[in-house]
Amino acid sequence: FRVQASECGVHRPHVAGMHGRDGEGAFSIVLAGGYEDDVDEGESFTYTGSGGRDLSGNRRTASQSCNQTLTKTIRALALNCGAELSEKGAEAKNWRNGKPVRVIRSYKLGKKHKYAPREGIRYDGTYKVAKYWPETGKSGFLVWRYLLRRDDPAPAPWTPEGQEIIKKAGIKIQV
């Protein structure tokens, strides 16, 4: 499923959860349950930056094993916030002025998140970074956190309105 998201340009990386450039900002992120500190509330969620884990041996996930730093895609996502870039984090005065980022949710979120699709991945619209900050995560290492809020004119796909649009369009999960 991630390959299809890449092929259609919604989220280019096949594995990485964040896509962006540290000089331009982030283009897309995937919520897939890879970080224990993530909190998903549908219309908003708290996302954890990438890195700080030992993925040697071709592992896709692992426990946090070192501090994250405000570089690469972590910096890219911070640039989407409508606030000045800061090593201490920042909060936008008006979060809607930030740069939009495409959000995909994966079935890998599973039963932990009621907004996850039952199968595959799902494009959930555009969100904006309201604030970002460093904190000590559950593992004891520094992680970068982001509060994102939905800012998309289309109804969210988990709402009755969104489900009706999906049904009328005849969209089906292909396995």
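This structure is a prediction, so every number in the text was calculated from the model and none was measured.
Among all heavy-atom pairs drawn from Ala130 and Cys81, the shortest one is O-SG, 3.7 Å. Minimum heavy-atom separation, Lys99 to Glu24: NZ-O, 2.9 Å. Here the closest heavy-atom approach between residue Trp133 and residue Leu147 is recorded as CZ3-N, 3.7 Å. Listed here is the closest heavy atom pair of Lys88 and Pro134: O-CD, 3.4 Å. Between Gly120 and Pro117 the shortest heavy-atom distance is O-CG, 3.8 Å. Across every non-hydrogen atom of Leu70 and Ala78, the tightest pair is CD1-CB, 4.1 Å.
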Expected list for residues 149-158: side-chain donor-acceptor pairs under 3.5 angstrom, two or more places apart:
residue: Arg150; atom: NE; partner: Asp124; partner atom: O; Å: 3.1
residue: Arg150; atom: NH1; partner: Ala154; partner atom: O; Å: 2.9
residue: Arg150; atom: NH2; partner: Asp124; partner atom: O; Å: 3.1
residue: Arg150; atom: NH2; partner: Ala154; partner atom: O; Å: 3.4
residue: Asp151; atom: OD1; partner: Arg96; partner atom: NH1; Å: 2.4
residue: Asp151; atom: OD2; partner: Lys128; partner atom: NZ; Å: 2.9
residue: Asp152; atom: OD1; partner: Ala154; partner atom: N; Å: 2.9
residue: Asp152; atom: OD2; partner: Thr126; partner atom: N; Å: 2.9
residue: Asp152; atom: OD2; partner: Thr126; partner atom: OG1; Å: 3.4

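The shortest distance between side-chain heavy atoms of Tyr123 and Arg102 falls below 4.5 Å. Residues Leu148 and Ile29 have side chains in contact (heavy-atom distance under 4.5 Å, counting atoms from C-beta outward). Put simply, the side chain of Tyr47 reaches to within 4.5 Å of the side chain of Met18, judged on heavy atoms. Between Ile74 and Ser50 the shortest side-chain heavy-atom distance falls below 4.5 Å. At a threshold of 4.5 Å between non-hydrogen side-chain atoms, the residues Lys131 and Tyr146 do not count as touching. Between Leu31 and Ile104 there is no side-chain heavy-atom pair separated by less than 4.5 Å. For the pair Tyr132/Leu85, a side-chain contact is recorded, criterion being any heavy-atom separation below 4.5 Å from C-beta on. The shortest side-chain heavy-atom distance between Glu41 and Val39 falls under the 4.5 Å cut-off.
A salt bridge is absent between Glu36 and Lys138; no separation between the charged side-chain nitrogens and carboxylate oxygens falls under 4.0 Å. Salt bridge annotation for Asp40-Lys114: absent, with no cationic side-chain nitrogen under 4.0 angstrom from a carboxylate oxygen.
For the pair Thr73 (side chain) and Ala76 (backbone), a donor-acceptor distance under 3.5 Å is absent. A donor-acceptor pair under 3.5 Å is absent between the side-chain atoms of Asp22 and the main chain of Arg75, judged by distance alone. Without hydrogens or angle criteria, Asn67 side chain to Leu142 main chain gives a donor-acceptor distance under 3.5 Å.
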Run the side-chain contact (heavy atoms from CB on, under 4.5 Å) test on Phe27 and Arg21 for me, step by step, so that the C-alpha distance in whole Å, both residues' side-chain angles and the decisive distance to 0.1 Å come before the verdict.
CA-CA 8 Å; Phe27 311 119; Arg21 294 188 184 98; 3.4 Å; yes
Please evaluate residues Asp37 and Thr48 with respect to the criterion side-chain hydrogen bond (donor to acceptor under 3.5 Å, both in side chains), reporting the C-alpha separation (whole Å), side-chain torsions for both, the decisive distance (0.1 Å), and the verdict.
CA-CA 6 Å; Asp37 295 294; Thr48 304; 4.6 Å; no
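Clustering ILVMFWY residues whenever any of their side-chain heavy atoms sit less than 4.5 angstrom apart, transitively, puts Leu79 in a cluster other than the one holding Val143. Placement of Trp95 and Trp144 in two distinct hydrophobic clusters is found when ILVMFWY residues are connected by side-chain heavy-atom separations under 4.5 Å, directly or transitively.
Taking OG1 from Thr136 and CZ from Arg145, the interatomic distance works out to 11.0 Å, rounded to the nearest 0.5 Å. Considering CD1 of Ile171 and CD of Gln163, their distance stands at 10.0 Å, rounded to 0.5 Å.
For Tyr115 and Phe45, the ring centers are positioned 6.0 Å apart or more.
The number of heavy-atom neighbours closer than 6.0 Å to NZ of Lys72, taken from other residues, nucleotides and ligands shown, is 12 or below.
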